[in-house]
Amino acid sequence: MAEQTYTFRIQRNQVVGGGRLESRWQEYQVKVEPNATVLSALEEIKGHQDGSLTFRQSCRSAICGSCAMRISGRTRLACKTHVGIAARDGVVTLAPQANQPVLKDLAIDIGPFFKRIQTIRPFLEDGPETATQVGKTAYDHVNQVSQCIMCGCCYSDCTMAEVSPEYIGPAALAKAFRFVSDPREGKKSDRLRQLSEPHMMWACSRCTMCVHVCPKDVKPMEAIVKLRTRGIAKGYVEGPAQKHALAFHEDIKKSGDLNEFTLMIRTLGLVGTLQETGSALHLLKKGKIPSPFPHQARGIDQVSKVYNLLEQNPLDVETKAPEIVPE
Ligand code: SF4
Ligand code: FES
């Protein structure tokens with residue numbers, strides 16, 4: 001492929017007095033083939049135009065996760081992204097990962113990200129639930145999440161991490177799923193109890209960004225959904241998010257339609273609902289208070305059939321194998 005000149009618009013960041021971050025944009029012209037990687041273009045800039053430009057890289061093979069950065073609006077691996085695909089009208093925009101502290105230019109402090117991973121105890125623990133036998137299909141259930149390279153792309157583009165820095169994030173939850181699903185793990189229930197606490201698995205808003213940006217097809221959100229199912233099965237249902245999900249489940253199974261009128265009270269309880277009186281009055285003024293009379297959807301018998309089938313034959317959505325529910 002013929003070489004073309006691309007503009008690289010790069011966010012230059014520097015920590016100045018008092019820990020304040022000073023940012024500016026700087027442009028570089030680089031002549032490369034469209035299928036050259038963004039990382040090779042960055043090396044060209046650093047080697048021949050501006051040695052002060054700082055970024056991380058190591059393996060150049062989408063294995064180590066260190067070159068993750070925001071490339072034309074999405075967090076991706078620079079060593080896996082082709083310049084021609086990233087460019088918009090000949091311009092490639094580069095910025096450091098979001099939701100993480102920046103050290104310099106495109107390099108972030110990865111410490112807080114790994115602290116989140118540590119929170120979920122990323123190692124097998126011996127305990128009362130350790131299986132004495134490991135079946136042939138056991139690995140299928142952890143295979144996909146085991147592909148994670150800890151690049152942080154999912155955390156950087158996570159919309160919930162953006163508004164709630166306490167949220168543990170998709171990478172840590174995918175890692176947690178790996179241990180909850182491993183037959184050798186001895187404290188599965190204890191893990192699910194911890195994951196049911198605030199800012200853990202129920203804090204995910206299911207925006208699916210983690211699924212879209214993950215360079216290894218880990219699908220963290222699917223792991224989160226499965227963790228939630230297992231947490232509920234264990235009886236960890238005290239939080240409002242769990243109650244909300246159960247109310248949905250109950251309504252759809254019973255009538256195929258949501259009873260929004262009672263949803264809030266079933267989610268927040270009486271006290272929590274009374275605290276929301278202001279919002280209720282606002283909705284009332286706008287004519288948006290739902291009907292108090294339950295409504296049954298047409299084709300409810302079909303809905304019930306699907307529920308019954310799934311309850312009798314729970315399926316792992318990735319492997320299509322019967323789901324292994326931790327004892
Ligand atoms: Fe990166 Fe995917 Fe792991 Fe997130 S889940 S850290 S995007 S490999
Ligand atoms: Fe290792 Fe890109 S340099 S993943």
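Below, all heavy atoms of this structure are taken into account, side chains as well, without hydrogens, waters or symmetry copies. All ligand and atom numbering here is 1-based and tracks the order in the structure. Along the sequence shown, the residues carry numbers beginning at 1.
- Among all protein heavy atoms, the one lying closest to atom 2 (Fe) of ligand 1 is Cys214 SG, 2.3 Å.
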Do Met221 and Cys204 pass the side-chain contact (heavy atoms from CB on, under 4.5 Å) test, and can you show the C-alpha distance, the side-chain angles, and the key distance before you say yes or no? CA-CA 8 Å; Met221 199 194 74; Cys204 165; 4.2 Å; yes
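- In this structure, Glu222 does not pair ionically with Lys226, as no charged nitrogen and carboxylate oxygen lie closer than 4.0 Å.
- Closest protein heavy atom to atom 4 (S) of ligand 2: Gly65 N, 3.1 Å.
- Of all the heavy atoms of Ser58, the ones lying under 4.0 Å from any atom of ligand 2 belong exclusively to the backbone.
- Between the CG atom in Asn99 and the OH atom in Tyr155 there is a gap of 5.5 Å [rounded to 0.5 Å].
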Step by step, work out the salt bridge (Lys or Arg N to Asp or Glu O under 4.0 Å) result for Asp301 and Lys305. CA-CA 6 Å; Asp301 48 330; Lys305 268 187 201 160; 5.5 Å; no
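- Comparing heavy-atom distances from atom 2 (Fe) of ligand 2 across Cys67, Ala78, Cys59, Cys151 singles out Cys67 as nearest.
- Near Gly152, the atoms of ligand 1 lying under 4.0 angstrom from a non-hydrogen atom of the residue are 1 (Fe), 6 (S).
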For side-chain contact (heavy atoms from CB on, under 4.5 Å), just list the numbers for Leu53 and Leu42, CA-CA rounded to whole Å, side-chain angles, deciding distance to a tenth of an Å, and then say yes or no. CA-CA 9 Å; Leu53 181 64; Leu42 276 169; 3.8 Å; yes
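- Ranking protein heavy atoms by distance to atom 3 (Fe) of ligand 1, first place goes to Cys148 SG, 2.3 Å.
- Each of the atoms 5 (S) of ligand 1 lies under 4.0 Å from some heavy atom of Pro220.
- Short contacts between ligand 1 and Cys153, defined as distances under 4.0 Å to a heavy atom of the residue, involve ligand atoms 7 (S).
- Each of the following atoms of ligand 2 lies closer than 4.0 Å to a heavy atom of Ala62: 4 (S).
- In this structure, Lys104 places its NZ atom where more than 12 heavy-atom neighbours from other residues, nucleotides or ligands lie under 6.0 Å away.
- Taking every heavy atom of Ile63 and a limit of under 4.0 angstrom, the matching atoms of ligand 2 come to 4 (S).
- By the criterion of a heavy-atom distance under 4.0 Å, neither the backbone nor the side chain of Ile149 is placed next to ligand 2.
- Of the inter-residue distances, the one linking Ile108 atom CD1 with Arg56 atom CZ reads 6.5 Å to the nearest 0.5 angstrom.
- Annotation: atom 1 (Fe) of ligand 1 to nearest protein heavy atom, Cys151 SG, 2.3 Å.
- Remark: ligand 1 atoms within the under-4.0 Å shell around heavy atoms of Ala171 are 6 (S).
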Take Lys254 and Asp251 through the salt bridge (Lys or Arg N to Asp or Glu O under 4.0 Å) test and state the conclusion after the steps. CA-CA 5 Å; Lys254 204 158 69 185; Asp251 281 358; 5.3 Å; no
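- For atom 3 (S) of ligand 2, the nearest protein heavy atom (residue, atom name, distance) is Arg60 N, 3.2 Å.
- Scanning the protein for heavy atoms near atom 8 (S) of ligand 1, the closest one is Ile149 N, 3.5 Å.
- Contacts between Gln147 and ligand 1 below 4.0 angstrom, taking non-hydrogen atoms only, are absent altogether.
- No more than 12 heavy atoms of other residues, nucleotides or ligands sit less than 6.0 Å from atom NE2 of His282.
- For ligand 2, the atoms lying closer than 4.0 Å to a non-hydrogen atom of Cys79 are 2 (Fe), 3 (S), 4 (S).
- Near Cys64, with a cut-off below 4.0 Å to any heavy atom, the atoms of ligand 2 are 1 (Fe), 3 (S), 4 (S).
- Near Pro215, with a cut-off below 4.0 Å to any heavy atom, the atoms of ligand 1 are 7 (S).
- Regarding atom 7 (S) of ligand 1, its nearest protein heavy-atom neighbour is Cys154 N, 3.3 Å.
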Starting from the C-alpha separation in whole Å, work towards a yes-or-no answer on salt bridge (Lys or Arg N to Asp or Glu O under 4.0 Å) for Glu44 and Lys31. CA-CA 9 Å; Glu44 166 70 24; Lys31 201 171 176 186; over 6 Å; no
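- Within 6.0 Å of the CZ atom in Arg298, the count of heavy atoms belonging to other residues, nucleotides or ligands does not exceed 12.
- Minimum heavy-atom separation, Ala68 to Cys151: CB-O, 3.5 Å.
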